[in-house]
Amino acid sequence: YLIIIIISPKYHETVTTSHVGPDNDERTCNTVYIHKQLQNEFIQNGSKNFRFIPILFPGAKKRHVPNWLLNTHVYGWPRDRDDILRRLMRVEKYNPPPIGELPTIVSIPI
């Protein structure tokens with residue numbers, strides 16, 4: 001399964017400054033917990049992104065992207081809408097041309 005990570009200034013603030021504890025509301029606790037689970041999966045995969053689709057929502061900047069996701073492609077919404085849909089559908093943007101016939105090699109004795 002693919003996992004969409006919506007990145008906004010509020011998300012960044014929540015996952016970087018909030019600590020799970022009795023003072024936090026349920027949304028904050030869930031957000032921080034899920035973020036840590038995603039980060040652990042990323043690290044266990046050798047810091048290779050197999051499932052995550054990070055999307056910057058309007059108002060978010062590259063600095064709001066978690067450090068562990070900086071080496072992967074980050075999409076912008078709504079600018080990259082078509083690319084996001086292609087990624088979700090696992091469709092390539094550019095299809096390679098068909099392979100032609102193999103050339104015939106003729107050897108001429110000297």
Side-chain angles (χ1 to χ4, degrees):
Y1 299 100
L2 297 173
I3 298 172
I4 297 172
I5 302 173
I6 301 300
I7 299 167
S8 68
K10 178 68 175 167
Y11 175 80
H12 178 262
E13 177 186 344
T14 301
V15 299
T16 57
T17 61
S18 299
H19 302 285
V20 177
D23 298 336
N24 296 116
D25 62 6
E26 187 176 356
R27 184 201 68 82
T28 300
C29 292
N30 289 339
T31 302
V32 171
Y33 175 78
I34 292 169
H35 176 82
K36 288 181 179 183
Q37 293 293 89
L38 298 175
Q39 184 179 14
N40 286 337
E41 178 182 325
F42 184 79
I43 291 167
Q44 288 174 356
N45 286 333
S47 296
K48 294 179 183 166
N49 181 12
F50 296 112
R51 307 195 312 149
F52 306 130
I53 303 174
I55 301 175
L56 287 175
F57 260 32
K61 306 287 183 212
K62 192 80 166 178
R63 63 184 162 89
H64 295 117
V65 177
N67 289 335
W68 56 273
L69 274 177
L70 286 176
N71 70 344
T72 190
H73 183 75
V74 178
Y75 297 92
W77 181 263
R79 181 191 70 227
D80 298 326
R81 184 196 65 192
D82 292 342
D83 290 335
I84 294 166
L85 292 174
R86 272 192 285 278
R87 179 78 171 26
L88 289 170
M89 303 295 277
R90 298 179 190 264
V91 174
E92 294 295 327
K93 186 173 185 175
Y94 303 105
N95 293 322
I99 298 175
E101 293 183 25
L102 293 174
T104 304
I105 300 175
V106 179
S107 72
I108 302 174
I110 300 183

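Source: prediction; values computed, not measured.
Counting only residues at least two apart or on different chains, no salt bridge (charged side-chain N to carboxylate O under 4.0 Å, His left out) pair has a member in residues 69-78. The salt bridge (charged side-chain N to carboxylate O under 4.0 Å, His left out) pairs that include a residue from residues 67-81 number zero, where partners must be two or more places apart or lie in different chains.
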Without placing hydrogens or testing angles, list every side-chain donor-acceptor pair under 3.5 Å for residues 41-59, not counting sequence neighbours.
| from | atom 1 | to | atom 2 | distance (Å) |
| --- | --- | --- | --- | --- |
| E41 | OE1 | R51 | NH2 | 3.0 |
| E41 | OE2 | R51 | NE | 2.8 |
| N45 | ND2 | E41 | O | 3.3 |
| N49 | OD1 | R51 | N | 3.3 |
| N49 | OD1 | F52 | N | 2.8 |
| N49 | ND2 | F52 | O | 2.9 |
| N49 | ND2 | T72 | OG1 | 2.7 |
| R51 | NH1 | Y1 | O | 3.3 |

Cut-off 3.5 Å, no hydrogens considered: what does the side-chain donor-acceptor table look like for residues 83-106, sequence neighbours left out?
| from | atom 1 | to | atom 2 | distance (Å) |
| --- | --- | --- | --- | --- |
| D83 | OD1 | R86 | NH2 | 2.6 |

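Enclosure of atom CG in N67 is not indicated, since only 12 or fewer non-hydrogen atoms of other residues, nucleotides or ligands lie within 6.0 angstrom. Other residues, nucleotides and ligands place more than 12 heavy atoms under 6.0 Å from the CZ atom of R27.
Under the 4.5 Å side-chain criterion, counting only non-hydrogen atoms from C-beta, P66 is in contact with I7.
We find the NE2-CG distance between H64 and L69 to be 14.5 Å, quoted to the nearest 0.5 Å.
Nearest heavy-atom pair, L70 versus K62, reported as atom, atom and distance to 0.1 Å: CD2-O, 4.1 Å.
In this view, Q37 and Y33, N40 satisfy the side chain to side chain contact (heavy atoms under 4.5 Å, CB included) rule, not counting sequence neighbours. The ring-ring contact (aromatic ring centres under 6.0 Å, His included) check on H35 picks up Y11, W68, with sequence neighbours excluded.
Hydrophobic clustering of Ile, Leu, Val, Met, Phe, Trp and Tyr side chains at less than 4.5 Å, counting indirect connections, keeps V65 apart from I6. V74 and I4 are not part of a single hydrophobic cluster, where members link through side-chain heavy atoms under 4.5 Å apart.
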